[in-house]
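Lettering follows sequence order; numbering is per chain, from 1.
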2 protein chains.
Amino acid sequence: MRPRAFDEEQALDAAMRVFWEKGYEAASLTELTQRMDIRKPSLYATFGDKRELFERALKRYTERHAAYVEQVLEREDQTIPAFAGLLRDTAAGGSGGDPALGCLAVLTLDELGAAEPDLAAQALDHQLRLAALFRRKIEKGIGSGELSRELDAEASAGAVLVSLIGLTVMLKAKPPSAFIDAAIATTLTLLKEEKR
Amino acid sequence: MRPRAFDEEQALDAAMRVFWEKGYEAASLTELTQRMDIRKPSLYATFGDKRELFERALKRYTERHAAYVEQVLEREDQTIPAFAGLLRDTAAGGSGGDPALGCLAVLTLDELGAAEPDLAAQALDHQLRLAALFRRKIEKGIGSGELSRELDAEASAGAVLVSLIGLTVMLKAKPPSAFIDAAIATTLTLLKEEKR
DNA sequence: GCATTTACATACCGATCGGTACAAAACGAA
DNA sequence: TTCGTTTTGTACCGATCGGTATGTAAATGC
């Protein structure tokens with residue numbers, strides 16, 4: 001049997017990038033095959049139809065993004081500097097290199113929330129997994145004494161996640177950097193101490 | 001001359017709703033004309049091409065949404081209850097009636113941020129206008145003594161806006177209501193007092 | 001060397017996309 | 001009524017959409 005002439009992982013990476021840049025609808029088979037450097041029959045034989053390809057690309061994205069977020073959070077031992085790093089890195093382009101790239105999971109929620117509930121659920125799962133990462137980091141901060149013992153780790157994690165999502169959306173256009181900086185700084189105060 | 005047989009405002013409302021539900025790409029001329037109850041030549045004669053129609057629909061949306069937000073904020077005299085009302089109303093469906101509808105301006109940022117910078121800028125302007133509304137309401141709360149004089153109204157307004165955006169995105173899928181409730185409650189603590 | 005199997009590239013499919021040409025129909029002005 | 005103007009409905013346009021049929025080239029087992 002003849003072996004395939006392209007690397008499947010590499011092609012999937014290219015597809016992920018196209019979907020990331022354009023979204024599901026606007027990513028045409030023409031552009032996908034060009035950027036993946038394969039022809040349509042190879043694509044369909046290897047990945048199935050466009051929707052299945054997207055599903056795999058999204059899964060790949062969420063895995064990589066979760067790993068990226070986890071790594072950034074672990075770069076700093078202290079909790080607040082860690083989140084400061086995450087938010088600032090995201091505002092500076094994050095794992096994609098361009099602040100206006102945004103997040104594929106967020107785009108999926110937004111673009112396909114109504115038409116493709118399964119894909120939206122997959123994207124939502126990713127966000128909830130990020131929230132769980134956040135929670136663990138916050139709990140670590142509480143345990144070490146850095147953060148107040150009154151802090152609700154679960155709720156704070158959710159609020160920070162929601163802010164991160166909102167931030168990535170705004171970064172799709174070019175908001176004043178003062179706005180972004182202030183929003184980040186204020187979001188971080190969520191971790192500073194518990195008020196009622 | 002023959003008068004037009006449809007109401008322009010009413011047709012534009014229908015178009016706005018279609019774009020709101022589907023986004024720019026997925027809103028086909030077929031569905032648009034059906035829901036607007038006009039034929040394509042009438043659409044093109046009245047509104048120009050699809051992009052111009054979208055621009056007018058987006059403008060209409062942002063005006064209405066800003067008015068809605070302002071009204072909700074003014075429903076409560078106190079600042080914190082006012083924002084609590086806004087966030088909870090949004091989580092319950094907001095002006096569109098369905099939590100999963102989301103926000104057309106957010107969707108525009110996300111879907112068209114790269115391909116249509118002008119439309120994205122229009123959507124971003126809307127968000128910044130909301131932030132200005134928030135700021136005024138916060139300043140009022142500071143003036144009345146409800147909120148701490150240490151609070152940075154501008155920065156807090158931005159952070160609340162970012163949270164609102166993130167919230168509407170998450171609501172596109174069906175997140176656990178406990179998650180949403182907690183995120184809202186935690187976001188509100190941003191206004192409770194200034195910490196550094 | 002040969003048969004088999006798999007992947008490849010080309011060329012094509014019906015459907016739908018956004019957008020228009022055209023002629024009938026409906027009004028206001030005369 | 002008749003003319004002139006504008007809107008309307010139908011029917012159509014080329015382009016592109018996602019997806020495939022087909023024939024050929026390439027690699028392996030025998």
Side-chain angles (χ1 to χ4, degrees), chain A residues 1-59 104 107-108 111-112 114-119, chain B residues 1-59 104 107-108 111-112 114-119:
Chain A
M1 337 95 190
R2 176 179 177 179
R4 58 169 47 112
F6 64 92
D7 183 75
E8 186 172 331
E9 305 291 303
Q10 202 170 315
L12 189 53
D13 276 347
M16 179 190 81
R17 185 77 187 194
V18 175
F19 283 126
W20 194 356
E21 292 171 8
K22 307 263 182 161
Y24 180 77
E25 302 271 5
S28 70
L29 270 281
T30 302
E31 177 160 13
L32 282 166
T33 52
Q34 279 177 2
R35 302 264 301 265
M36 296 167 82
D37 195 27
I38 63 176
R39 260 46 57 186
K40 286 198 225 170
S42 300
L43 191 157
Y44 278 84
T46 309
F47 300 102
D49 63 10
K50 186 186 180 187
R51 203 211 120 116
E52 287 180 66
L53 174 62
F54 180 81
E55 202 164 340
R56 288 193 54 181
L58 175 59
K59 180 169 187 188
L104 178 56
L107 179 53
T108 301
E111 184 187 11
L112 302 177
E116 299 277 356
D118 293 349
L119 295 175
Chain B
M1 337 103 184
R2 179 178 176 176
R4 60 169 46 115
F6 64 93
D7 183 77
E8 186 172 331
E9 305 291 303
Q10 200 170 316
L12 188 54
D13 276 346
M16 179 190 81
R17 185 77 186 194
V18 175
F19 283 126
W20 195 356
E21 292 171 9
K22 308 263 181 163
Y24 180 78
E25 303 270 5
S28 70
L29 269 282
T30 301
E31 178 160 11
L32 282 166
T33 52
Q34 279 175 4
R35 303 263 301 265
M36 297 168 81
D37 195 28
I38 62 176
R39 260 47 60 186
K40 284 198 229 173
S42 300
L43 192 157
Y44 278 84
T46 309
F47 300 102
D49 63 10
K50 186 186 180 187
R51 203 211 119 118
E52 287 180 67
L53 173 63
F54 181 81
E55 201 164 340
R56 287 193 53 181
L58 175 59
K59 180 167 187 189
L104 178 56
L107 179 54
T108 301
E111 185 187 9
L112 302 177
E116 299 277 357
D118 293 348
L119 295 175

Nearest-Å distance for atom pair CZ/C1', residues F47(A) and dT20(D): 18 Å
Sugar-phosphate, base or nothing in reach of P41(A), heavy atoms under 4.0 Å: base
S28(B) vs dT16(C): side-chain N/O to OP1/OP2 distance below 4.0 Å: no
Value in whole Å for how far the P atom of dT16(D) lies from CD of E31(A): 14 Å
Distance-only donor-acceptor test, R2(B) side-chain atoms vs dT7(D) base atoms, 3.5 Å: yes
Nearest-nucleotide pick for F6(B), side chain only, options being dG19(C), dC27(C), dT8(D): dT8(D)
Sugar-phosphate, base or nothing in reach of A45(A), heavy atoms under 4.0 Å: nothing
Phosphate contact (dT16(C) OP1 or OP2) by T30(B) side-chain N/O below 4.0 Å: no
Non-hydrogen side-chain atoms of Y44(A) and L29(A) separated by less than 4.5 Å: yes
CD (Q10(A)) with more than 12 external heavy atoms under 6.0 Å: no
Sugar-phosphate only, base, or nothing, as touched by A27(A) at under 4.0 Å among non-hydrogen atoms: sugar-phosphate
Interatomic distance where CG belongs to L29(A) and C1' belongs to dA15(D) [whole Å]: 15 Å
Residue mapping more 5' on DNA chain C - nearest nucleotide basis, Y24(B) or P3(B): Y24(B)
Distance in angstrom units between I38(B) CD1 and dT8(D) P, rounded: 8 Å
Nearest heavy atoms of A14(A) and R35(A), plus distance in Å: CB-O, 3.4 Å
Integer-rounded Å distance: dT16(C) P and Q34(B) CD: 12 Å
Interatomic distance where CZ belongs to R4(B) and P belongs to dT5(D) [whole Å]: 18 Å
Side-chain N,O (S42(A)) to OP1/OP2 (dC8(C)) below 4.0 Å: yes
Presence of K50(A) side-chain N/O under 4.0 Å of dG18(D) phosphate oxygens OP1/OP2: yes
Student check: side-chain heavy atoms of L53(A) and M36(A) closer than 4.5 Å: yes
5′-ward residue of the pair E25(A)/T46(B) relative to DNA chain D: T46(B)
Side-chain N,O (R39(A)) to OP1/OP2 (dC8(C)) below 4.0 Å: no
Contact check, side chains of L107(A) and Y24(A), non-hydrogen atoms, under 4.5 Å: no
Residue K40(B), side-chain heavy atoms: nucleotide from dC8(C), dC27(C), dC12(D) that is nearest: dC12(D)
R17(B)/E21(B) ion pair, N-O < 4.0 Å: yes
Between dG19(C) (P) and F54(B) (CZ): distance, integer Å: 14 Å
Rounded interatomic separation in angstrom, taking CE from M36(B) and P from dT8(D): 12 Å
